[in-house]
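Only one structure is covered here, and it is reproduced in the block below.
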Amino acid sequence: MRYVSTRGQAPVLDFEQAMLTGLARDGGLYLPEAVPVLDDLAAFDGLSYENAAFRILKPFTGDSFTDDELRGAITRAYAGFGHIARAPLTQLAPGHFLLELFHGPTLAFKDFAMQLIGQLFQIALARSGQRITIVGATSGDTGSAAIEAFRGLPNVDVFILFPHGRVSEVQRRQMTTPPDANVHALALDGHFDDCQARLKDLFNDHDFRDSVGLAGVNSINWGRVLAQIVYYVTAAVSLGAPGRQVDFTVPTGNFGDIFAGSIARQMGVPIRRLVVATNQNDILHRALTTGDYRTGSVEPSISPSMDIQVSSNFERALYLAYGGDAGAIRQLMDELKTGGFSISQGALQALRDQYASGRVSEDETRAMIRTIREETGQVICPHTAVGVHVARQHIEPGVPMVTLATAHAAKFPDAVQDAIGLRPALPPHMAGLFDLPERVTRVENDNDALKSLILERRTA
Ligand SMILES: *Cc1c(COP(=O)(O)O)cnc(C)c1O
């Protein structure tokens with residue numbers, strides 16, 4: 001399988017190279033040249049998550065890993081999950097299901113991809129003897145998942161930039177308490193978008209990039225999108241695919257998780273509609289309703305992992321909606337530097353054919369946490385509540401709706417307590433989190449400062 005950049009001016013790579021690289025050298029994002037079709041979807045019924053994952057991933061990873069390597073990586077990636085189904089589907093209401101993606105070690109869906117690429121990186125690096133520096137930007141959950149996946153590995157340093165004061169205490173402690181010397185938590189003075197911008201600048205500085213062996217594990221990394229395709233397939237098959245259509249609602253920030261659903265759809269999974277659910281940072285909802293993709297300022301919310309105004313993976317959806325016209329994408333991304341762009345009529349139609357959208361206020365989010373608690377006894381996290389709120393507006397009879405439950409409520413105890421007066425408890429494996437010492441470095445929102453810090457702290 002060959003991977004091409006959405007901006008058309010970076011080298012074509014194989015899976016391993018695309019995964020190790022993260023961001024393409026022309027600033028674009030890698031996509032497979034062609035998406036394989038799953039013509040035996042019915043045969044997925046009853047498969048273990050791991051076996052389903054192997055069948056889905058294999059055509060995308062091609063010759064980069066042997067069958068044994070890939071199987072081993074998948075097995076180890078999900079062995080630490082707290083549920084045998086890995087991504088269990090539970091029922092919320094008639095016709096409405098929750099896909100629970102919070103049974104991994106850091107309690108958010110990010111573990112699905114990060115645990116897997118952690119294993120795949122290890123195999124690739126052991127083979128080549130290469131040393132790398134992972135730098136990631138996080139709105140909260142990617143950072144902890146990346147640290148959990150890469151801590152203690154011999155030829156890897158992992159630097160995580162998070163917006164100072166804008167992640168929950170549980171999220172922060174998950175990043176600052178691992179004692180491993182190769183883990184570096186950096187609190188940046190700014191928003192998540194600043195973290196993401198600094199990261200892109202580091203990658204676009206090719207001398208620096210090459211000198212430290214920069215590798216990116218943000219949701220722009222194709223390997224992450226790929227791993228997330230699996231649960232769309234297993235959920236759809238559980239609900240009757242290929243014989244029945246399914247809708248999905250996805251609480252979205254960077255458009256990574258929902259874009260994986262779009263690839264599942266291209267692979268032949270009968271997904272009728274993918275519904276984008278945003279909080280008050282609603283650039284995606286505005287773009288899909290008005291055709292105008294324009295950044296505003298980030299308004300911190302109780303669903304902080306979606307407090308984003310520049311939605312990186314949307315570039316992939318645009319590339320497909322523009323029929324693979326890399327020149328058009330380069331132009332749009334140029335316009336974005338000065339605030340935004342208009343999506344062409346044809347591309348907007350293509351997007352609306354598969355995506356619907358909705359926006360949820362802070363009050364509505366809290367109200368939905370309460371409603372679900374009253375209706376089902378279940379306690380959901382604020383991101384999931386955003387999803388459930390939008391899903392309820394899009395449910396149609398005869399088509400099951402699946403809302404992705406992206407995190408465990410215990411990651412956001414303050415918001416949940418505000419909503420229902422109860423503080424959700426951390427699961428036993430994290431019970432000691434509040435007693436451990438923290439290690440964190442405060443950094444300014446400045447490239448040079450960041451580069452010297454990375455050079456100074458690197459152990460690999
Ligand atoms: C990252 C995250 C999201 C948003 O996912 P994207 O792939 O960025 O759209 C939603 N909810 C939670 C809990 C997250 O950690």
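Counting from 1, the numbers follow the sequence of the chain as shown. Remember, it's 1-based here, ligands and their atoms both numbered in the order they're listed.
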Inset, instruction - Enumerate the atoms of ligand 1 whose separation from the nearest heavy atom of P251 is less than 4.0 angstrom. - result: 4 (C), 10 (C)
Inset, instruction - Please confirm whether D141 comes within less than 3.5 Å of ligand 1 when only nitrogen or oxygen atoms on both sides are compared. - result: yes
Inset, instruction - Indicate whether the side chain of E315 and that of T6 have a donor and an acceptor atom separated by less than 3.5 Å. - result: yes
Inset, instruction - Go through the side-chain N and O atoms of H184 and D157 and say whether any donor and acceptor fall under 3.5 Å apart. - result: yes
Legend entry - Per-atom contacts of ligand 1 with K110, taking only distances under 4.0 Å to non-hydrogen atoms: 1 (C), 2 (C), 3 (C), 14 (C), 15 (O)
Inset, instruction - Count the heavy atoms belonging to other residues, nucleotides or ligands that lie under 6.0 Å from CZ of R2, then report whether that count exceeds 12. - result: no
Legend entry - Contacting atoms of ligand 1, where contact means under 4.0 angstrom from a heavy atom of G253: 4 (C), 6 (P), 8 (O), 9 (O)
Inset, instruction - Measure the distances from the heavy atoms of S219 to every atom of ligand 1 and state whether one is below 4.0 angstrom. - result: no
Legend entry - Flag if over 12 foreign heavy atoms under 6.0 Å of CD, Q331: no
Legend entry - Close N or O approach (I308, ligand 1; < 3.5 Å): no
Inset, instruction - Write out the residue and atom name of the closest protein heavy atom to atom 12 (C) of ligand 1, then the distance separating them to 0.1 Å. - result: T406 OG1, 3.4 Å
Legend entry - Distance filter under 4.0 Å to S305 heavy atoms, resulting ligand 1 atoms: 2 (C), 12 (C), 14 (C), 15 (O)
Inset, instruction - Taking only heavy atoms of M306 into account, list the atoms of ligand 1 that are under 4.0 Å away from them. - result: 10 (C)
Inset, instruction - For F109 and ligand 1, answer yes if some heavy atom of the residue is under 4.0 Å from a ligand atom, otherwise no. - result: yes
Inset, instruction - Report yes or no: do S303 and H383 form a side-chain donor-acceptor pair below 3.5 Å? - result: no
Inset, instruction - Using distance alone, decide if ligand 1 has a nitrogen or oxygen within less than 3.5 Å of any nitrogen or oxygen in G256. - result: yes
Inset, instruction - Compute whether any side-chain donor of one residue and acceptor of the other, for E364 and S361, lie under 3.5 angstrom apart. - result: yes
Inset, instruction - Kindly say whether the aromatic ring centers of Y231 and F112 come within a distance under 6.0 Å. - result: yes
Inset, instruction - Give the minimum heavy-atom separation between D257 and T406, together with the two atoms involved. - result: OD2-CG2, 4.1 Å
Legend entry - Cation-aromatic face contact R286/Y293, 6.0 Å, 45 degrees: no
Inset, instruction - Number the atoms of ligand 1 from 1 as they appear, then name those within less than 4.0 Å of a heavy atom of D257, with their elements. - result: 7 (O)
Legend entry - Closest to atom 6 (P) of ligand 1 (judged by heavy-atom distance), picking from N254, V386, T142, L107: N254
Legend entry - Proximal atoms of ligand 1 relative to A407 (non-hydrogen, under 4.0 Å): 13 (C)
